[in-house]
There are 2 protein chains.
Amino acid sequence: MKIYHGNIVYSKSATELMSYENGYLLVENGKVLSVEKELKEEYKNSEIIDFKNSLIIPAFSDLHVHAPQYPNRGIQMDLLLNDWLNKYTFPLESKYKDESFARKVYSKFAADLIKYGTMHAVILGTIHNNATDILMEELERRGISSFVGKVNMDKNSPSYLIETTDESIKNTELFIKKHQNNKYAKPILTPRFAPTCSFDLLKKLGELSDKYNIGVQTHIVESLWEAEEAKKCFEGCLCDMEIYEKAGLLKHKPFIAAHYIFPSELDLKLLKECGGFAVQCPDSTSNVIAGIMRTGYLLDNGINLGIGSDIAAGEYLGIYRGVSSAVRLSKIKSFYEKENRSIDFSEAFYMATKMSGSIFGKVGSFEKGYDFDALVISDIEDDYEKLTPIEMAERFCYLGETTNIYHRFLRGEEI
Amino acid sequence: MKIYHGNIVYSKSATELMSYENGYLLVENGKVLSVEKELKEEYKNSEIIDFKNSLIIPAFSDLHVHAPQYPNRGIQMDLLLNDWLNKYTFPLESKYKDESFARKVYSKFAADLIKYGTMHAVILGTIHNNATDILMEELERRGISSFVGKVNMDKNSPSYLIETTDESIKNTELFIKKHQNNKYAKPILTPRFAPTCSFDLLKKLGELSDKYNIGVQTHIVESLWEAEEAKKCFEGCLCDMEIYEKAGLLKHKPFIAAHYIFPSELDLKLLKECGGFAVQCPDSTSNVIAGIMRTGYLLDNGINLGIGSDIAAGEYLGIYRGVSSAVRLSKIKSFYEKENRSIDFSEAFYMATKMSGSIFGKVGSFEKGYDFDALVISDIEDDYEKLTPIEMAERFCYLGETTNIYHRFLRGEEI
């Protein structure tokens, strides 16, 4: 058993942000045994790893990130979604037919996930099997809990980044078979979004979903353009989610709906029924002016929410910054649309840790039985002040940098 | 003379972002002599300081920052403006009657300005002379070009943070006299905002403005509440700016109008006529849901603009992040209000460097005769990629951290 001492913060629920000033965190076999205000008599002689006045929080989960777009983060940000895709994003993704390029980027990407405090992620690759296999390897050998997809796109795509329906299905099945027994990096179906997928492709992915009991990630009502385009492409479907339902893609968990900005009543009903997750990517949707998610409304209506960095429409890989951006963006939303309440820090922190962590098992909290996946944060106070543990967590999420993360634990092991 | 080699980026105008890949920057007596693509024959034997593939950009200017609020940055961010002021901000500001507290905070604040790449700033203190004198000392001894104000507030303020009109004027004059011959940290009149100042106070400040030829910083139309409140407080004034005009406060430069979110036509006319600056504080106004500045519209209408960190309603001291936030926020504004165009990276960078720098003299650019106030940025590329100098600058502004700033120059001297 290991005992860690420090200031401890974790979420129990959206409204219960637990805080222990100078508390003790007991870990056995990589899992949290308990968090205590005072150390019990029986442990008084145990070795204590003392993080003193540092903050110990759960590692974050990133529910939407395009690994191949990592080289484009924080550049060419002036364009809007459609131009940005065609001018920068698709050409970059086409480079992943080159395995050595893929290795360089994905090795850096996986290392940086850890550097930025993310230990669980739902990740899109490209259409290329070889490159996405490399991405899997890089995640697997670092032990990053993840769902990763080879992307499917068989229409409305540039000639240099498109598959036939048959190729797409064949290669997806190969990808699943190759990785279905991975320990950490698991395959997930990844139709890019409705406008780039034929209904035939989606139905066949639905069959793979049944055959291998495997979930789906995609972009859902991510912009007004996309929501309209999706309906146009699939006659008889009233909304984006209904397309996936009719293709049989809502039957297996997880279902990850990135952005989810303009859901109709039916979109809401279908996502709730399948227990899917809507993913708020705050800076990303602002950068490409896609609109703002109704986070407060969705939380109040029992929709599961998480936060995504959405590299490279979003620029920053650390989900802690996504926490503060989600709060800020919900305030802007409520300013323009009074019916949408803003969310608070406790809710956003919960979204980025325990709520989204539930996709990967018992991660994202320090309740009993949870994996000890944790970050130790230091140098967040000035020497003339004393912050509460929750203030430390809040300041880290608002203005923290990677250099504030002094220690990282994954399943109880320091990495 | 000193010659620096690297990737050089600076603004000539809002639309002209100059870029030299592997260029040479010649500095004499602390001022830029020229920037060259190739080194001229006559300099071939000079010593060259080689920053290799690093990026060299002008240091930033912060046009609106509350130094005393530095201990509250990034905490208690869930509240909105009015509650936040009364619950956290005013109580904190009242602590500056304690000089030893002031010394601790202001010493850290001034050091952090440099750490975050800001070498010119327009700064608010508190109502306390002694504390604000200490702030002046800390800025002056570091050579930070600044306009700094002892705050005036004689009504609508908590009993523990208010002055009589006479005290306020007497102490302001003492403050001006003490600091008018400072080399770097200059005094500026600082009526907090219209709702906390009597017209008598403003008029007497107007007389000091004439007597000492001294400018003004304040908050102008920073929220719908403030804009209405200001008009209510000053009968016969049609808008916020007219109050200052009638008090004789628009006659001496600079006039700094922080936030400037809801200007009327008359507000616009008066700010333009006096050559004042409107200051965009992007994260701050989102955090307290005050609304979003019409940056594109203001630029198109010839209003001078700058960027402010607005600590502690804003959380991050680095103005580089303000550059990307200003772009992002302008996109959100244009999404909700189609008549307001978004701004691009070149415009935001210009606002944060050359345009706002003009308040302090020839700073914020690398044109001939400008002070060599510069940041050298490294580790912004991954090893598998080659960015253009402008892409490096853009990525730094989107996801850079203080650790990316490897060297800092102030008037030609490395600090």
Side-chain angles (χ1 to χ4, degrees), chain A residues 70-78 80 100-101 103-105 107-109 112 283 285-292 315-318 321 324-325 327-329 331-337 342-346 380 382-385 387-388 390-392 394-403, chain B residues 70-78 80 100-101 103-105 107-109 112 283 285-292 315-318 321 324-325 327-329 331-337 342-346 380 382-385 387-388 390-392 394-403:
Chain A
Y70 201 55
N72 271 1
R73 69 195 185 282
I75 58 174
Q76 302 146 341
M77 303 298 274
D78 285 338
L80 303 191
S100 77
F101 181 72
R103 178 71 69 185
K104 284 179 203 156
V105 176
S107 161
K108 168 81 172 157
F109 169 77
D112 277 5
D283 288 339
T285 58
S286 314
N287 287 333
V288 297
I289 322 190
I292 303 177
E315 69 263 22
Y316 194 78
L317 195 58
R321 194 182 294 176
S324 54
S325 290
V327 172
R328 180 161 43 238
L329 208 61
K331 290 176 177 175
I332 298 176
K333 179 97 175 167
S334 76
F335 175 79
Y336 280 106
E337 303 169 19
S342 59
I343 61 171
D344 64 20
F345 175 68
S346 171
I380 206 78
D382 296 331
D383 55 14
Y384 50 76
E385 70 189 347
L387 300 183
T388 66
I390 287 176
E391 287 173 339
M392 288 184 186
E394 190 180 8
R395 181 177 284 172
F396 174 63
C397 289
Y398 272 88
L399 56 92
E401 305 192 341
T402 51
T403 45
Chain B
Y70 201 54
N72 271 2
R73 69 195 184 283
I75 59 174
Q76 302 145 341
M77 303 297 274
D78 285 338
L80 303 189
S100 77
F101 181 72
R103 178 71 68 186
K104 284 179 204 157
V105 175
S107 161
K108 167 81 173 157
F109 169 77
D112 276 6
D283 288 338
T285 58
S286 314
N287 286 333
V288 297
I289 321 190
I292 303 177
E315 69 263 22
Y316 194 79
L317 195 59
R321 195 183 293 176
S324 54
S325 290
V327 172
R328 180 160 46 237
L329 208 61
K331 290 176 176 175
I332 298 176
K333 179 97 173 167
S334 76
F335 175 79
Y336 281 106
E337 304 170 20
S342 60
I343 62 171
D344 64 21
F345 176 68
S346 171
I380 206 77
D382 295 332
D383 54 14
Y384 50 76
E385 70 188 347
L387 300 183
T388 67
I390 288 177
E391 286 173 338
M392 288 184 186
E394 190 180 9
R395 182 178 283 174
F396 173 64
C397 288
Y398 272 88
L399 58 91
E401 305 192 340
T402 51
T403 45

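The chains referred to below are lettered A, B, ... by the order of the sequence lines, with proteins before strands, and numbering in each begins at 1.
Taking both residues in full, the closest heavy atoms of A/D78 and B/E394 are given as N-OE2, 4.2 Å, listed atom of the first, atom of the second, then distance. When every heavy atom of A/G74 is checked against every heavy atom of B/Y398, the shortest pair comes out as CA-CB, 3.9 Å. In terms of heavy atoms, A/N287 sits closest to B/R328 at OD1-NH1, 3.2 Å.
Contact annotation for A/F396: neither backbone nor side-chain heavy atoms come within less than 4.5 Å of a heavy atom of chain B. With a 4.5 angstrom heavy-atom cutoff, B/L317 does not touch chain A via any of its atoms. Neither the backbone nor the side chain of A/D383 comes within contact range of chain B, judged by heavy atoms closer than 4.5 Å. Contact of A/I390 with chain B is not made at all, since no heavy-atom distance falls under 4.5 Å. Proximity to chain B (any heavy atom under 4.5 Å) is restricted, for A/L387, to the side chain, taken from C-beta onward.
Ranking A/F335, A/Y336, A/Y316 against chain B, the residue ahead of the rest is A/Y336, based on heavy-atom pairs under 4.5 Å. Comparing A/R73, A/E391, A/Q76 by how many heavy-atom pairs each has under 4.5 Å with chain B, the most go to A/R73.
Distance check, rounded to the nearest 0.5 Å: OG of B/S334 to CD1 of A/I289 gives 3.5 Å. The structure places CD1 of A/I332 at 4.0 Å from CD1 of B/I332, a figure rounded to the nearest 0.5 Å. Rounding to the nearest 0.5 Å gives a distance of 13.5 Å between CE of A/M77 and CG of B/D344. Put simply, CG on B/D283 and OG on A/S324 are 8.0 Å apart, with the number rounded to the nearest 0.5 Å.
A/K331 contributes no side-chain N or O that, together with a main-chain N or O of B/S286, makes up a donor-acceptor pair within less than 3.5 Å.
With 3.5 Å as the limit, one finds a donor-acceptor pair spanning the side chains of A/T402 and B/E401.
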For B/K104 and A/D382, what are the C-alpha separation, side-chain angles and deciding distance, and is it a side chain to side chain contact (heavy atoms under 4.5 Å, CB included)? CA-CA 9 Å; B/K104 284 179 204 157; A/D382 296 331; over 6 Å; no
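Look at B/E385 and A/K108 and you find no salt bridge, because none of the NZ, NE, NH1 or NH2 atoms lies under 4.0 Å from a carboxylate O.
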